[in-house]
Protein chains: 2
Amino acid sequence: MITDAVRGAEQLSVAELAAATGASEMTIRRDLEVLAEQGVLERFRGGARSLLLRGEGPPFALRKQDGIDAKQRIAAAARLIAEGESVVIDSGTTCLEVANALRNHRITVMPLSLHAANALAGGPRLTLLMPGGEVRTGELTMTGPLAQASLAALRFDTAILGCCGLSAADGLTAYDLPDAAVKRAAIASARRTIVVTDGSKFTRTALAAVAPASALDAVVTDGTAPAAQLEALTAAGTTVWQV
Amino acid sequence: MITDAVRGAEQLSVAELAAATGASEMTIRRDLEVLAEQGVLERFRGGARSLLLRGEGPPFALRKQDGIDAKQRIAAAARLIAEGESVVIDSGTTCLEVANALRNHRITVMPLSLHAANALAGGPRLTLLMPGGEVRTGELTMTGPLAQASLAALRFDTAILGCCGLSAADGLTAYDLPDAAVKRAAIASARRTIVVTDGSKFTRTALAAVAPASALDAVVTDGTAPAAQLEALTAAGTTVWQV
DNA sequence: GACTTTCGCACAGAGATTTTGTTCAATAGA
DNA sequence: TCTATTGAACAAAATCTCTGTGCGAAAGTC
């Protein structure tokens with residue numbers, strides 16, 4: 001909430017935030033302190049300014065709660081995974097919910113982020129594999145040549161990918177080049193590729209191209225996805241599940 | 001405490017435990033439920049039986065709190081690590097405390113367990129690398145050929161290892177063969193090897209031999225370590241730090 | 001099939017932990 | 001120098017967690 005206020009105004013004083021939220025200035029300062037630590041905003045004497053416009057997106061901790069119910073519905077994609085399959089699960093908050101949903105399945109699974117690894121760890125019947133790689137702060141994604149090499153050395157039944165942008169024309173896109181490379185490696189090492197994403201991603205195209213729509217076997221999304229895009233994907237040969 | 005009671009008697013009823021602890025049966029049931037989930041014991045209708053005698057050691061969650069202060073003192077081994085070094089950190093509860101102590105250092109670090117990875121994740125100045133590998137339940141150690149290959153492909157300044165047994169005669173030993181193989185790979189890929197361990201390990205020798213004492217550059221341990229063993233290690237050329 | 005025991009959910013109270021607000025001395029900037 | 005802001009310390013409030021009791025359902029037992 002403070003995040004939204006600062007993001008909206010670009011820059012706000014502590015006094016203004018206190019008045020807006022009804023909380024005391026001390027509370028505002030404490031909240032600003034943790035948000036500054038998370039990298040959401042930047043403190044200056046008397047107030048704070050948002051860092052979200054300049055940097056890429058908001059940090060993981062915030063995005064995780066954003067539209068959590070839609071993500072959990074989309075995580076029904078876990079039903080597409082059969083017993084005994086081997087699966088790669090991408091990084092990102094939507095894929096994290098898929099990981100949660102897969103925790104009690106009897107499968108072999110390789111997550112591409114530490115967040116997903118933690119969600120899966122201790123799953124009673126699953127074999128948990130980790131790729132090597134450099135762990136990026138915040139997202140905790142596995143990246144770099146070690147990660148790509150880990151994927152290249154293995155063959156999976158299914159890759160479950162998240163995305164930053166998806167359309168029939170531009171295919172699957174991501175904000176981050178190292179991430180995009182890992183996603184490509186995941187697709188290359190899997191027999192089948194499933195994309196999980198909420199509807200908002202269909203109106204965006206991010207910097208790094210990962211794969212054309214024709215490389216995607218199935219897309220699982222929610223009711224907010226634009227029908228035209230879904231039809232175009234279907235026409236391109238991708239199965240669309242709307243939950 | 002419940003753990004000790006069940007372990008002592010091998011098998012106890014809910015009513016007996018309630019009488020012994022002074023708590024209600026409902027509380028006992030709830031506690032037993034979490035212990036059963038941790039794999040400490042096995043529920044049956046009316047009571048629970050311990051699994052600790054049959055299996056190997058107690059589970060990670062319990063060992064972590066065991067002698068926590070000694071471990072945190074031993075974690076002063078972090079002072080032996082210089083700025084900018086590259087470090088491998090082994091699995092185990094003692095090494096987890098070392099990882100905690102290293103969180104704010106400016107180093108490159110590769111943990112050999114997910115527990116340590118989580119302790120390090122988000123460290124503001126460190127480069128976090130992960131080895132690939134199979135993640136074993138409970139300990140969350142990285143094992144298998146992927147892990148060994150990850151280590152073999154890299155060269156570190158220092159390896160910080162835990163152990164199940166340590167003596168001048170038998171060297172460093174571990175309970176678990178896959179773990180031992182990974183430890184060996186860590187030693188092979190590091191210029192310097194530091195062992196961190198509490199004093200109790202000096203009276204034990206575990207199944208799998210990892211390395212002779214001569215391969216260990218330094219040992220950091222607490223005051224409970226037997227002096228004779230420490231002298232023997234010193235004679236073998238190992239530097240001993242007692243904290 | 002009837003009876004007894006155990007189980008686990010639901011609710012409520014106690015205790016602990018976290019969050020919040022106030023005061024005040026120190027500090028940064030004009 | 002002066003003023004506004006800050007962060008520490010402490011007390012109050014709110015929240016969460018843990019625990020216990022009652023009760024219907026399920027699992028064993030005879």
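Reckoned from all heavy atoms, side chains included, excluding hydrogens, waters and symmetry mates. By convention in this document, chain letters (A, B, ...) are assigned in the order of the sequence lines, proteins followed by strands, and residues within each chain are numbered from 1.
- Checked against A:Lys71 for a side-chain hydrogen bond (donor to acceptor under 3.5 Å, both in side chains), the options A:Thr197, A:Thr93, A:Asn100 give a single hit: A:Thr93.
- Under a 4.0 Å N-O distance rule, the pair B:Glu33/B:Arg29 does not qualify as a salt bridge.
- Proximity of A:Val14 to A:Arg43: side-chain heavy atoms (C-beta onward) are separated by under 4.5 Å at one or more points.
- Separating the CZ atom of B:Arg29 from the C1' atom of D:dA27 is a distance of 13 Å, rounded to the nearest angstrom.
- With rounding to whole Å, A:Glu33 atom CD is found 11 Å from D:dT6 atom P.
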Nucleic acid footprint by protein, nucleotides 10-30 of chain C - heavy-atom cut-off 4.0 Å, B for base, S for sugar-phosphate alone: ----------BBB----BB--
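- Between A:Arg43 and D:dT6 there is a side-chain polar atom (N or O) within less than 4.0 angstrom of OP1 or OP2.
- Contact check for B:Pro131 versus B:Leu112: side-chain heavy atoms found under the 4.5 Å cut-off.
- Contact check on A:Asp222 versus A:Arg73 returns no salt bridge, with no Lys/Arg side-chain nitrogen under 4.0 Å from an Asp/Glu carboxylate oxygen.
- For the residue pair B:Thr158 and B:Glu85, a side-chain donor N or O sits within less than 3.5 Å of a side-chain acceptor on the partner.
- The separation between B:Phe44 atom CZ and D:dA27 atom P is 18 Å, rounded to whole Å.
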